Amino acid sequence: MNICITHNSALIVVDVQNDFCPGGALPVPGGAQVVTVLNHYIRKFIDTGLPVYLTRDWHPGDHLSFKSQGGIWPVHCVQETEGARFHPELFSPSAAVVISKGTDPGKEAYSGFQGTDLAHQLKQRQVGRLFVGGLATDYCVKSTVLDAIREGLEVVFLSDASMGVDVKPGDSERAIQEMLREGAIKIIIGDIE
Ligand code: VGL
Ligand code: ZN
């Protein structure tokens, strides 16, 4: 599948944070493996002058998704902690825009669009095609992709730059099928012309 990075494209890198990588509080198995290929995508977009957004899970210490608050997840990505920082090898150029989500203690926000002004920023920059990769395929990447489709964007899922948690075996594969069913395109970096 050949795909072009059109003049109206943008890249979203979802939640490549220490807590979602091995050694972190809520590790995605092999999560750090996405960093190298994501860096290639980031460089391509920056070199072309196209927008790059880095989302981060950025929770208050009493976020409702934490087990301590009756949620399902261990404490993770608490604002200003080491676990909430981007993976140290992730290329984060100054031109990249950081989008913080999950900041409201009472609201879950898997998608980079929920409770942020990402949709507005994309409209302002007249983005029509969104490339999405990161962590985790079956949670925040999926939610971000589905919201982007609802926003009317063409969405390209970066399968070689995303990894899932698979709380239940097969979750990531089912997430991919759902994204494709809703209209996303799935590529690897070699598909880019
Ligand atoms: C995520 C679980 C909880 C994610 C965030 O980024 O996929 N998963 N919070
Ligand atoms: Zn979270």
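Just so it is clear, the structure is predicted and the values come from calculations on it, not from any experiment. Ligands are counted one by one from 1 in listed order, and the atoms in each one are counted from 1 as well. One-based numbering along the sequence shown.
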Novice: Of all N, O or S atoms in Asp57, which has the smallest distance to the Zn ion (ligand 2)?
Specialist: OD2
Novice: Testing the basics here: between His76 and Phe66, what is the closest heavy-atom pair and its distance to 0.1 Å?
Specialist: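 In terms of heavy atoms, the two residues are closest at O-CZ, 3.3 Å.
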Novice: Could you tell me if the ring centre of His40 sits under 6.0 Å from that of Phe91?
Specialist: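 Centroid distance His40-Phe91: not below 6.0 Å, so no.
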Novice: Please indicate whether any nitrogen or oxygen in Cys140 is less than 3.5 Å from any nitrogen or oxygen in ligand 1.
Specialist: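 So ligand 1 has an N or O lying under 3.5 Å from an N or O of Cys140.
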Novice: Go through the steps to decide whether Phe45 and Phe131 satisfy the test ring pair (Phe, Tyr, Trp, His ring centres under 6.0 Å), and finish with yes or no.
Specialist: CA-CA 10 Å; Phe45 277 74; Phe131 291 70; 5.3 Å; yes
Novice: Within the 4.0 Å heavy-atom shell around Asp15, which atoms of ligand 1 are there?
Specialist: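 Every atom of ligand 1 under 4.0 Å from some heavy atom of Asp15: 4 (C), 6 (O).
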Novice: With only distance considered, is Asp57 within less than 3.5 Å of ligand 1 through an N or O on each side?
Specialist: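 Indeed, backbone or side chain, Asp57 has an N or O that close.
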Novice: Please test Phe20 against His87 for ring pair (Phe, Tyr, Trp, His ring centres under 6.0 Å), starting from the C-alpha separation and ending with a verdict.
Specialist: CA-CA 9 Å; Phe20 294 127; His87 186 284; over 10 Å; no
Novice: Of the backbone and side-chain N, O or S atoms of Cys77, does one lie nearer to the Zn ion (ligand 2) than 2.8 Å?
Specialist: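 Under 2.8 Å: Cys77 has no N, O or S contact with the Zn ion (ligand 2).
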Novice: Would His76 count as a contact residue for ligand 1, given that I'm defining contact as a non-hydrogen atom of the residue lying under 4.0 Å from a ligand atom?
Specialist: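 His76 counts as a contact of ligand 1 under the 4.0 Å cut-off.
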Novice: Check Asp15 with Arg56, please: is the shortest side-chain N to carboxylate O separation under 4.0 Å?
Specialist: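 So Arg56 does not pair with Asp15 through a salt bridge.
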Novice: Does Thr6 form a side chain to side chain donor-acceptor pair (under 3.5 Å) with Ser9? I'd like the steps, not just the answer.
Specialist: CA-CA 5 Å; Thr6 48; Ser9 295; 2.8 Å; yes
Novice: If the cut-off is 4.0 Å to any non-hydrogen atom of Tyr139, which atoms of ligand 1 fall inside it?
Specialist: 7 (O), 8 (N)
Novice: Does any N or O atom in Phe20 lie less than 3.5 angstrom from one in ligand 1, N or O only?
Specialist: no
Novice: Atom 2 (C) of ligand 1: which protein heavy atom is closest, and how many Å away?
Specialist: Trp73 CE2, 3.4 Å
Novice: Are Arg85 and Glu80 ion-paired here, with the side-chain N under 4.0 Å from a carboxylate O?
Specialist: no
Novice: Verify, without hydrogens or angle tests, whether Thr81 (side chain) and Val78 (backbone) share a donor-acceptor contact under 3.5 angstrom.
Specialist: yes
Novice: Report the part of Val141 (side chain from C-beta onward, or backbone N, CA, C, O) that has a heavy atom under 4.0 Å from ligand 1; answer both or neither where that applies.
Specialist: neither
Novice: How about His59: does one of its N, O or S atoms come closer than 2.8 Å to the Zn ion (ligand 2)?
Specialist: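 Given the 2.8 Å cut-off, His59 counts as a ligand of the Zn ion (ligand 2).
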